[in-house]
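Here's the structure we're looking at; comments come further down.
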Protein chains: 2
Amino acid sequence: MTRKPTLPPDALRPLTADEDAVVRALPSVLYALPRAIDAQMQREQQLSNTEYLSLMYLSEAPDRQLRMHELASAIEMSLSGTTRIVNRLESEGFIKRLRCERDGRSWHASLTDAGLARLEEAWPTNLDAIRRHFLDHLKELDLKKLAAALRNVAT
Amino acid sequence: MTRKPTLPPDALRPLTADEDAVVRALPSVLYALPRAIDAQMQREQQLSNTEYLSLMYLSEAPDRQLRMHELASAIEMSLSGTTRIVNRLESEGFIKRLRCERDGRSWHASLTDAGLARLEEAWPTNLDAIRRHFLDHLKELDLKKLAAALRNVAT
DNA sequence: GGGATATACTTGCTTCGGCAAGTAACTTAA
DNA sequence: TTAAGTTACTTGCCGAAGCAAGTATATCCC
């Protein structure tokens, strides 16, 4: 039972009413919402969100390829998780693995034409899912500030 | 390959620049952030977020107990997932299952004193995780509006 | 009252993800 | 130049969650 030692007293500062309201709404957004988006993507496109993101980041990369650890950090997954995602996408022909010429330990995940086509087929569903589950509910917010805040959260 | 038929044209309406900025930042927030919060809770408190939420909602319920499906909907998990969470928490003595007197098919998950103590031990970590990973990055936002929007997303 | 249906939960099976250990290839330093 | 260390990726093992099927109880309707 190695628990963290006592937290600094600041951690116990009570939440303001507004913060509390945000915190109360958070589980829905952080836990249920990703599952809902994933489920729609899976149902309508047979792609998980991480698979979709992989195709997307690859499509935007120079030469449509990224080294494994670059892809991992783009999709914010562990390297082992990324290995498996690439395995799946490779087995369906959407990605090819290419040896890296400059570093024999390294592989490039390279988006195939089929992979690009798959992405183009899938993105309307992804956009629809994000709109329906998320964007459409934010009408009252200042999106510019929200985007900045979310980028800030991201780091 | 049963794919959804063509989406309504509205789904293809392009994103505004602000919407796009939000969407770009979304994977970090919806996928990486929950993992980060979970990891901190697991590391420092040996509790998953769903376990923590279960204890929390039970502590707030009348008689500190809820029927399984009530708990499931509170924590927004499937019933089978809830069964397993309750199994885990029960095996550690934090929850007891009590037969429902009015309905023989039903069980109450009931928070024990040990469970309440566990919750009280864990909440500062949870609060700290939420603050550090999320709340502290929202300084620029109108939290009242954000809370309303998030509640809106939740439904 | 008793069969058909519905409800509340549990279990079996599968998938996904992380960590830690393993392997191969590169780099550094003696 | 070769042994030690580091890096890039993969594999083995595990836990968590969902769906679909199973079980037990309740309700409905004749």
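Treat the numbers as computed from the prediction; the structure is a model and nothing was measured. Residue numbers begin at 1 in each chain, while the letters A, B, ... track the order of the sequences.
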Just call it for [X]: base, sugar-phosphate, or nothing, with non-hydrogen atoms closer than 4.0 Å on any strand.
X: A:Thr50; answer: sugar-phosphate
X: B:Arg102; answer: nothing
X: B:Ser48; answer: nothing
X: A:Ser106; answer: sugar-phosphate

Next item on the list: Go through the N and O atoms of the side chain of B:Arg43 and the base of C:dG18, and report whether any donor-acceptor pair is under 3.5 Å.
Entry: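 Donor-acceptor pair under 3.5 Å: no.
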Item checked: Over all atoms of both residues, closest heavy-atom pair of B:Arg67 and B:Cys100 ->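 For B:Arg67 versus B:Cys100, the nearest heavy atoms are NH1-SG, 4.2 Å.
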Next item on the list: Sort and list the pairs that fulfil side-chain hydrogen bond (donor to acceptor under 3.5 Å, both in side chains) and have at least one residue in residues 136-145 of chain A, not counting sequence neighbours.
Entry: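 For residues 136-145 of chain A, and leaving out neighbouring residues, the side-chain hydrogen bond (donor to acceptor under 3.5 Å, both in side chains) pairs sorted by first residue read A:Lys144-B:Asp18.
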Notebook entry, point to check: Is any side-chain nitrogen or oxygen of A:Ser78 closer than 4.0 Å to OP1 or OP2 of C:dG17?
Noted result: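 It does not, given that no N or O in the side chain of A:Ser78 lies less than 4.0 Å from OP1 or OP2 of C:dG17.
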Notebook entry, point to check: Taking only N and O in the side chain of A:Arg84, is any of them less than 4.0 Å away from OP1 or OP2 of C:dC16?
Noted result: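 For C:dC16, neither OP1 nor OP2 has a side-chain N or O of A:Arg84 closer than 4.0 Å.
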Whether the side chain of [X] engages the backbone of [Y] through a donor-acceptor N/O pair (distance < 3.5 Å, no angle test) should be reported.
X: B:Asn49; Y: B:Asp38; value: no
X: A:Gln65; Y: A:Pro62; value: no
X: A:Thr112; Y: A:Gly93; value: yes

Check: Quick one: side chain to side chain contact (heavy atoms under 4.5 Å, CB included) partners of A:Ala25, sequence neighbours excluded?
Finding: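 B:Leu150, B:Arg151.
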Next item on the list: Output all residues satisfying salt bridge (charged side-chain N to carboxylate O under 4.0 Å, His left out) with B:Glu60, sequence neighbours left out; order by chain, then residue number.
Entry: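 With neighbours one apart ignored, the set is A:Arg24.
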Checklist line | Partners passing salt bridge (charged side-chain N to carboxylate O under 4.0 Å, His left out) against A:Arg35 (at least two apart in sequence or in another chain) | finding: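 Checked A:Arg35 against salt bridge (charged side-chain N to carboxylate O under 4.0 Å, His left out); zero matches.
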Item checked: Heavy-atom contact window of chain A on DNA chain D, given 5' to 3' at under 4.0 Å ->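 Counting from the 5' end, contacts occupy D:dT7 to D:dG18.
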Next item on the list: Just do the salt bridge (charged side-chain N to carboxylate O under 4.0 Å, His left out) check on A:Asp113 and A:Lys96 with the steps written out, would you?
Entry: CA-CA 10 Å; A:Asp113 291 344; A:Lys96 266 186 314 204; over 6 Å; no
Next item on the list: For DNA chain D, find the residues of residues 56-75 of chain B with a heavy-atom distance under 4.0 Å and give them by number; none if there aren't any.
Entry: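 DNA chain D contact set from residues 56-75 of chain B: none.
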Check: To the nearest angstrom, how far is A:Arg88 atom CZ from C:dT14 atom C1'?
Finding: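 It is 12 Å, rounded to the nearest whole Å.
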